[in-house]
Structures are given as C-alpha cells and as structure tokens.
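Source: prediction; values computed, not measured.
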Amino acid sequence: MESCTVLPFSRSLSLLSRRHDRDEACPCPASLRVKRRSSQPTRIHCQKMYVPGFGEGSPERKAANHLHKFFTHIAVRIVSAQLQSYNREAYDELTEFLSRHSMNDGDKFCADLMRESPRHQILALRILEVRSAYCKQDFEWDNLKRLASKLMGEANTTLMREYVLETSHVETESGK
C-alpha cells in the first residue's frame with residue numbers, strides 16, 4: 001500500500017483535519033484518517049490522491065459522465081450508419097431530428113426522441129441498446145488507459161523539452 005505524507009506546515013493539512021473532525025466525506029476510509037501527533041509529521045495513509053474542487057463527485061465520476069455522453073454520440077453514429085444502408089426513411093427521420101435537437105445531453109436527447117413519435121421511440125430504444133452494448137462489449141477500456149497514459153507522458157515530455165529549450169536559449173543570448 002502506498003502512502004502520502006503531509007508535513008505539519010502544510011496549510012491543506014488543517015483543512016483536511018477539520019473535514020475529518022466534522023465527519024464529512026473523506027477521500028480515505030475511516031480507519032486511515034488523519035491522526036494528529038504533537039511533534040512529528042502527520043501522515044495520511046491513503047491509496048489515492050485527494051482532488052479538491054469536484055464537490056459531490058470525483059474526477060473519475062466526471063470522466064464517467066463524459067464517457068456516458070460520448071457513448072450516446074457513438075451509438076447515434078452506429079445506428080445512423082446502419083439505417084443509411086437498409087432503412088433510408090428512418091435514416092432521414094433521425095437526421096432531421098438531429099438537426100433540431102442538441103446531443104449535449106445524451107439522456108435528454110434520447111428522452112425527446114422517444115416522445116417524438118412511435119417510430120422515433122423505436123429509434124431511441126435502438127440507440128439505448130447500442131450505447132449499452134458498446135460500453136459493455138466493444139469499448140476497449142484497457143486500450144483507453146494505455147493511450148491516455150501514453151498521451152500524458154508524451155505531452156509532459158514535449159512541454160518540459162520546449163521549456164528547457166526556451167530557457168536555455170534565453171540564457172545563452174543574455175550571456176553573449
């Protein structure tokens with residue numbers, strides 16, 4: 001098990017300690033909460049970093065909400081492509097509905113589609129079925145984690161390299 005160390009001079013420690021004292025939501029289980037010691041550094045034994053500013057959720061919850069919306073977009077594209085090849089009339093109805101309704105909220109989009117007409121209800125049920133199947137069976141979760149880590153590493157390396165080149169260039173010019 002990993003542990004994170006919080007030094008006594010850290011301002012966030014007092015905020016965390018107060019949160020624990022008031023029995024509010026804690027990022028660690030109750031058995032791992034902060035215990036004050038008088039003269040030694042305080043340690044929080046926690047497997048995950050506490051990320052402030054997400055209110056009722058967590059970064060994972062926010063990412064899950066984005067993926068939920070994304071899966072609706074994917075399902076609409078899949079259903080639309082299927083309809084285009086075998087049911088042109090339904091494809092036209094879905095395309096026309098898409099032109100009038102935003103897909104920013106996938107659940108609202110599907111609810112509105114269900115209430116449009118009985119024919120649209122069938123399309124909405126198909127989209128719900130496809131998004132669920134895609135999420136459970138076709139989406140490559142391990143590949144997502146691998147790609148996200150790879151992109152993060154590449155971006156960090158690029159940014160650090162650019163910064164070093166920038167700062168070393170400025171220093172060599174001022175040294176002349």
Side-chain angles (χ1 to χ4, degrees), residues 1-78 80-81 98-99 101-110 127 130-176:
M1 180 193 305
E2 297 177 7
S3 67
C4 5
T5 303
V6 179
L7 300 176
F9 58 83
S10 172
R11 182 180 174 145
S12 61
L13 177 61
S14 63
L15 295 174
L16 286 174
S17 298
R18 274 187 259 134
R19 172 173 281 179
H20 299 300
D21 293 340
R22 291 191 318 235
D23 290 331
E24 291 181 14
C26 174
C28 300
S31 62
L32 301 177
R33 291 187 180 170
V34 175
K35 294 189 169 113
R36 288 202 177 266
R37 287 182 242 158
S38 56
S39 63
Q40 297 177 352
T42 303
R43 292 180 182 262
I44 300 174
H45 297 283
C46 192
Q47 293 179 344
K48 304 283 183 176
M49 285 187 214
Y50 170 70
V51 183
F54 278 90
E56 74 288 340
S58 65
E60 292 81 5
R61 178 70 169 163
K62 190 162 191 147
N65 287 336
H66 285 291
L67 282 172
H68 177 74
K69 292 175 186 178
F70 179 68
F71 290 145
T72 303
H73 284 271
I74 295 298
V76 168
R77 293 182 81 163
I78 291 170
S80 179
L98 278 164
S99 69
H101 292 83
S102 170
M103 283 194 50
N104 287 339
D105 182 345
D107 289 344
K108 183 179 180 333
F109 175 82
C110 289
I127 290 168
V130 168
R131 80 177 180 180
S132 180
Y134 184 80
C135 174
K136 291 177 182 172
Q137 298 167 2
D138 290 354
F139 191 75
E140 297 181 15
W141 295 96
D142 293 336
N143 196 28
L144 169 68
K145 184 177 181 180
R146 185 187 59 77
L147 287 172
S149 294
K150 180 181 175 188
L151 289 173
M152 186 66 60
E154 289 172 354
N156 285 351
T157 301
T158 300
L159 289 169
M160 288 185 280
R161 182 180 296 126
E162 288 173 358
Y163 177 75
V164 167
L165 290 173
E166 232 177 76
T167 56
S168 63
H169 178 69
V170 171
E171 290 174 6
T172 57
E173 283 184 3
S174 64
K176 289 184 178 179

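- Panel note: side chain S149, backbone R146; no donor-acceptor pair is recorded below 3.5 Å.
- Heavy atoms only, all atoms of each residue included: D107 and H68 are closest at OD1-NE2, 2.9 Å.
- Heavy atoms only, all atoms of each residue included: V164 and T167 are closest at O-OG1, 3.2 Å.
- Counting heavy-atom neighbours within 6.0 Å of M160 CE, excluding the residue itself, gives a total above 12.
- In this structure the side chain of E162 reaches within 4.5 angstrom of the side chain of L159, judged on heavy atoms.
- Taking CD of E154 as the reference point, atom CZ of R161 lies at 10.0 Å (rounded to 0.5 Å).
- Summarising the geometry, atom CZ belonging to R77 is positioned 13.5 Å from atom OG1 belonging to T72; distances are rounded to the nearest 0.5 Å.
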Distance-only criterion, 3.5 Å: show the donor-acceptor pairs between side-chain atoms of residues 134-141 and protein atoms not counting sequence neighbours.
from, atom 1, to, atom 2, distance (Å)
W141, NE1, C135, O, 3.2

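- Looking only at side-chain heavy atoms (C-beta outward), M103 and V76 come within less than 4.5 Å of each other.
- Annotation: the span from L144 atom CG to L67 atom CG amounts to 6.5 Å, rounded to 0.5 Å.
- Of the inter-residue distances, the one linking H73 atom NE2 with F109 atom CZ reads 9.0 Å to the nearest 0.5 angstrom.
- Taking a 6.0 Å sphere around CG of D142, one finds it holds 12 or fewer heavy atoms contributed by other residues, nucleotides or ligands.
- Here the CG atom belonging to D105 is positioned 9.0 Å from the SG atom belonging to C110, to the nearest 0.5 angstrom.
- Put simply, the side chain of I74 reaches to within 4.5 Å of the side chain of F70, judged on heavy atoms.
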